[in-house]
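Okay, structure first, notes after.
Worth knowing before you read on, the calculation uses all heavy atoms, side chains too, and leaves out hydrogens, waters and symmetry mates.
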Amino acid sequence: MSEPTPTAGLDTAPPADTQDVWDSAAIRRGHLRVRTLVTLRWVVIGGEVTLLAAMAFALGYPAPYALCALVVAAGAFVNVLTGVASTPQRVMGDGEAVLQLSFDLLQMSLLLGLIGGTANPFILTLLAPVTLAAATLPLRPLLILGGLGSALSMVLAVVALPYPSIVPEPRLSLDFRLAAGVANVAGIALVAGYVRQSVVEAARMALALDVTQTVLAREQKLSALGGLAAAAAHELGTPLATISIVAKEMAREATLPQVKEDAELLIAQAERCREILKRLAATPDKATDEVHERLSLRQLVQEVIEPHANASREVRVEAIVTGAKGVKTPDIRRLPEITHAFSTFVENAVDFAKSEILVSARFDAESVIIEVRDDGPGFSPEILAKLGEPYVTSRPGAEGSRTGHIGMGLGFFISKTLLERTGAVVTFHNAKPRGAVVAAKWPRSLVEAT
């Protein structure tokens with residue numbers, strides 16, 4: 001089976017004014033702020049001071065405390081400089097962030113090397129800078145810091161002072177220290193991987209929701225502009241009719257040729273204005289006044305398929321409306337979410353349908369259902385299981401696509417989200433013997449214009 005049809009990809013190109021929102025690089029930019037680094041570094045330094053104080057005064061362990069204090073003081077000095085040299089809200093560049101977090105890894109490693117290396121259970125603190133990188137930096141800086149943290153873990157297994165203790169004990173075996181180093185490396189990889197995956201998914205979801213809001217806001221702006229046009233067509237009709245009547249009277253009663261010529265020019269220009277207003281009023285799909293806020297189911301499905309009816313000579317796009325016997329056909333509130341979502345479904349269906357796409361609207365006393373059905377190859381099983389999630393696309397290279405469009409996998413997520421905002425239940429499945437179907441069902445009371 002080739003790649004699926006309508007809703008599997010749903011990757012329509014965004015308008016020019018939202019292209020930057022669709023930029024996938026947005027989820028790869030670092031966003032480590034100076035305040036975040038400085039605050040977390042003070043927490044680490046406070047923990048180091050507490051650990052050394054407990055070892056010296058509570059446990060009485062012998063250790064090179066002067067050197068340890070020097071290492072901690074160096075960390076505090078660098079942190080003060082970092083906080084003073086820049087505004088707290090500034091986002092660090094990737095290179096600067098790598099240098100800052102590398103310093104933290106080296107400072108922690110040097111301190112651990114003075115108090116046992118991998119024999120010290122606090123070797124786990126090396127996970128902190130790498131985890132912060134996983135949460136705030138792109139992949140390449142994360143790999144650099146993860147590699148540095150792993151290398152330092154293994155170095156501490158072989159180059160470190162003995163673990164301090166009141167009772168002299170034999171130094172832990174090299175095998176144990178190496179195993180502890182390997183365990184720390186595994187911890188760095190595991191924790192950083194979990195955090196990285198979680199952050200990437202959260203960023204993708206946020207980006208997809210931003211795109212959804214942008215698309216909806218754009219549709220609402222167009223609707224508002226249409227409402228102004230419809231209002232202008234309605235309000236200006238009466239004064240233009242008055243101007244036309246007066247001009248005709250002037251032309252009829254004119255005694256001078258120049259006056260008659262001017263009156264006829266007024267008549268012609270008034271008629272031209274009326275024609276312009278008629279054209280505005282003839283496209284009520286973007287209007288918001290009481291008359292144009294409603295449309296029949298037939299008008300809705302025709303509006304959905306109109307941009308695509310002649311998009312391809314190979315595919316026929318048709319619409320049909322059916323209803324329960326004895327039930328009045330509802331008028332539907334004009335909702336830009338519905339129009340945009342189903343236009344997207346049809347556009348993608350055109351890419352993969354074999355010869356026909358059917359947009360159908362059905363109604364009964366309780367519900368309204370709109371459905372897009374095509375005769376293409378259908379959804380592939382791996383895509384069908386994940387439809388509705390952002391960044392799920394069946395065509396990274398647009399294989400099998402009639403237009404060759406390559407998208408980001410946001411189209412279906414956006415369309416489904418828009419429909420669900422209107423109260424719809426969105427479903428998708430493969431038809432028999434072939435083809436893909438996407439449908440939205442509303443309680444009649446949610447979409448019917450009263």
Considering non-hydrogen atoms only, spot the tightest contact between [X] and [Y] and give its length.
X: V301; Y: A361; answer: CG1-CB, 3.8 Å
X: A440; Y: A424; answer: CB-CB, 4.1 Å
X: R196; Y: L137; answer: NH1-O, 2.7 Å
X: Q302; Y: A319; answer: NE2-CB, 4.2 Å
X: V368; Y: P330; answer: CG2-CG, 4.2 Å
X: A349; Y: V372; answer: CB-CG1, 4.4 Å

Counting neighbours of [atom1] on [X] that are heavy atoms of other residues, nucleotides or ligands and sit closer than 6.0 Å, is the number greater than 12?
X: R35; atom1: CZ; answer: no
X: E366; atom1: CD; answer: no
X: R140; atom1: CZ; answer: no

Using atom types as modelled and distance alone, determine if a side-chain donor or acceptor of [X] lies under 3.5 Å from a backbone N or O of [Y].
X: R444; Y: D364; result: yes
X: S198; Y: Y194; result: no
X: T36; Y: L32; result: no
X: N184; Y: S153; result: no
X: N120; Y: I115; result: yes

Does any part of the side chain of [Y], heavy atoms only, come nearer than 4.5 Å to the side chain of [X], both counted from C-beta?
X: L297; Y: R362; answer: no
X: L126; Y: L112; answer: yes
X: V98; Y: F103; answer: no
X: V321; Y: S360; answer: no
X: L37; Y: L132; answer: yes
X: M55; Y: P164; answer: yes
X: V185; Y: I188; answer: no
X: I357; Y: V350; answer: yes

D104 and V44: CA distance, side-chain angles, deciding distance, side chain to side chain contact (heavy atoms under 4.5 Å, CB included) verdict
CA-CA 9 Å; D104 291 340; V44 171; over 6 Å; no
Among V159, L152, L114, V71, which residue satisfies the side chain to side chain contact (heavy atoms under 4.5 Å, CB included) criterion with S109?
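Single side chain to side chain contact (heavy atoms under 4.5 Å, CB included) partner of S109 among V159, L152, L114, V71: L152.
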How many angstroms lie between atom [atom1] of [X] and atom [atom2] of [Y], to the nearest 0.5 angstrom?
X: R294; Y: L300; atom1: CZ; atom2: CG; result: 13.5 Å
X: E306; Y: T339; atom1: CD; atom2: OG1; result: 11.5 Å
X: K441; Y: F363; atom1: NZ; atom2: CZ; result: 14.5 Å
X: S367; Y: E448; atom1: OG; atom2: CD; result: 11.5 Å
X: L156; Y: R177; atom1: CG; atom2: CZ; result: 11.0 Å
X: S415; Y: E347; atom1: OG; atom2: CD; result: 10.0 Å

Does a side-chain N-to-carboxylate-O contact under 4.0 Å join E356 and K354?
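Salt bridge absent between E356 and K354.
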Apply side chain to side chain contact (heavy atoms under 4.5 Å, CB included) to the pair L419 and E337, showing each step before the final yes or no.
CA-CA 6 Å; L419 291 175; E337 297 94 327; 5.6 Å; no
Residue pair M108, F122: steps toward the side chain to side chain contact (heavy atoms under 4.5 Å, CB included) verdict
CA-CA 10 Å; M108 292 178 183; F122 286 94; over 6 Å; no
Between [Y] and [X], do the side chains contain a donor N or O and an acceptor N or O under 3.5 Å apart?
X: T422; Y: W442; answer: yes
X: D375; Y: S355; answer: yes
X: E303; Y: Q299; answer: no

Mind running side chain to side chain contact (heavy atoms under 4.5 Å, CB included) on V359 and E318 for me, showing each step along the way?
CA-CA 6 Å; V359 180; E318 295 185 354; over 6 Å; no
